[in-house]
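Only one structure is covered here, and it is reproduced in the block below.
Position 1 is the first residue of the sequence; numbering continues from there. Here the structure is a predicted model, which means the values were calculated and not measured.
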Amino acid sequence: MATETTPLSDEERAELEALRAEKARREEAARANAERAELERLKAERAQNERERAEDQRIAEVRARNSKLMEPDEDLHMPLAQKIVLIGLAVVVIAFVVSTVLGL
């Protein structure tokens with residue numbers, strides 16, 4: 001097949017320009033869609049990281065609170081939870097002794 005060496009006619013040139021413009025619009029639309037998708041993905045990733053950070057912070061706060069309740073402090077004072085358990089046991093023992101002595 002022989003190559004054409006004749007220049008394009010005005011109609012062919014206009015058609016070529018129209019096709020190039022259409023291709024450029026499609027490429028721009030595809031680029032814009034890709035950027036929107038990337039933006040949405042990054043927003044979702046940021047939101048997920050924020051949720052994870054908030055959850056980690058909540059867990060740390062709960063652990064600190066539980067540690068304060070269950071472990072002795074620096075001066076080795078009895079923790080609050082242990083005091084509550086001992087008071088409860090004392091009440092049960094006193095109730096048992098009173099019921100035994102009074103014969104209830």
Side-chain angles (χ1 to χ4, degrees):
M1 182 173 189
T3 56
E4 291 187 31
T5 56
T6 59
L8 295 176
S9 68
D10 290 338
E11 291 172 358
E12 291 173 324
R13 190 169 308 283
E15 182 181 2
L16 178 61
E17 291 300 319
L19 290 173
R20 284 180 180 165
E22 182 182 335
K23 180 182 176 187
R25 280 191 303 273
R26 281 194 316 264
E27 289 174 349
E28 182 61 30
R31 207 171 12 257
N33 286 338
E35 287 176 352
R36 270 190 227 98
E38 182 181 11
L39 176 64
E40 291 302 317
R41 182 184 57 80
L42 290 173
K43 281 182 180 180
E45 186 177 312
R46 181 175 57 188
Q48 178 66 27
N49 289 339
E50 186 63 27
R51 283 190 300 274
E52 288 174 357
R53 188 196 59 75
E55 179 67 14
D56 290 344
Q57 182 179 0
R58 188 189 66 74
I59 289 171
E61 290 170 359
V62 168
R63 282 186 180 163
R65 187 176 65 237
N66 289 345
S67 173
K68 187 175 181 181
L69 287 175
M70 298 303 293
E71 296 175 6
D73 59 9
E74 292 82 26
D75 297 332
L76 297 177
H77 290 116
M78 192 180 304
L80 177 63
Q82 188 176 2
K83 290 177 186 177
I84 292 171
V85 168
L86 290 176
I87 290 170
L89 285 174
V91 168
V92 168
V93 168
I94 291 171
F96 178 75
V97 169
V98 168
S99 70
T100 303
V101 169
L102 296 177
L104 298 176

task: Please examine the side chains of Asn49 and Arg46, heavy atoms only from C-beta on, and report whether any two atoms are closer than 4.5 Å.
output: no
- prompt: What salt bridge (charged side-chain N to carboxylate O under 4.0 Å, His left out) pairs are there with at least one residue in residues 33-43, not counting sequence neighbours?
  reply: Arg41-Glu45
query: Side-chain heavy atoms under 4.5 angstrom apart, residues restricted to Ile, Leu, Val, Met, Phe, Trp, Tyr: same cluster for Ile94 and Leu102?
result: yes
query: Could you go step by step and tell me if Glu17 and Arg20 meet the salt bridge (charged side-chain N to carboxylate O under 4.0 Å, His left out) rule?
result: CA-CA 5 Å; Glu17 291 300 319; Arg20 284 180 180 165; 3.3 Å; yes
message: I'd like to check Arg65 versus Val62 (side-chain heavy atoms, cut-off strictly below 4.5 Å). Are they in contact?
response: yes
query: Below 4.5 Å, heavy atoms only, C-beta onward: do Glu15 and Glu11 meet side chain to side chain?
result: no
Worked check of salt bridge (charged side-chain N to carboxylate O under 4.0 Å, His left out) between Arg58 and Glu61: CA-CA 5 Å; Arg58 188 189 66 74; Glu61 290 170 359; over 6 Å; no
message: Grouping I, L, V, M, F, W and Y whenever their side-chain heavy atoms are under 4.5 Å apart, do Ile84 and Val92 come out in a common cluster?
response: no
Residues which pass salt bridge (charged side-chain N to carboxylate O under 4.0 Å, His left out) with Arg31, listed by chain and number, not counting sequence neighbours: Glu28
query: Does CZ in Arg63 sit with more than 12 non-hydrogen atoms of other residues, nucleotides or ligands closer than 6.0 Å?
result: no
Residues Glu52, Gln48; criterion side-chain contact (heavy atoms from CB on, under 4.5 Å); working and verdict: CA-CA 6 Å; Glu52 288 174 357; Gln48 178 66 27; 3.0 Å; yes
- prompt: Is the CG atom of Asn33 crowded by more than 12 outside heavy atoms at less than 6.0 Å?
  reply: yes
query: Given side chains that start at C-beta, do those of Glu12 and Leu16 come closer than 4.5 Å, heavy atoms only?
result: no
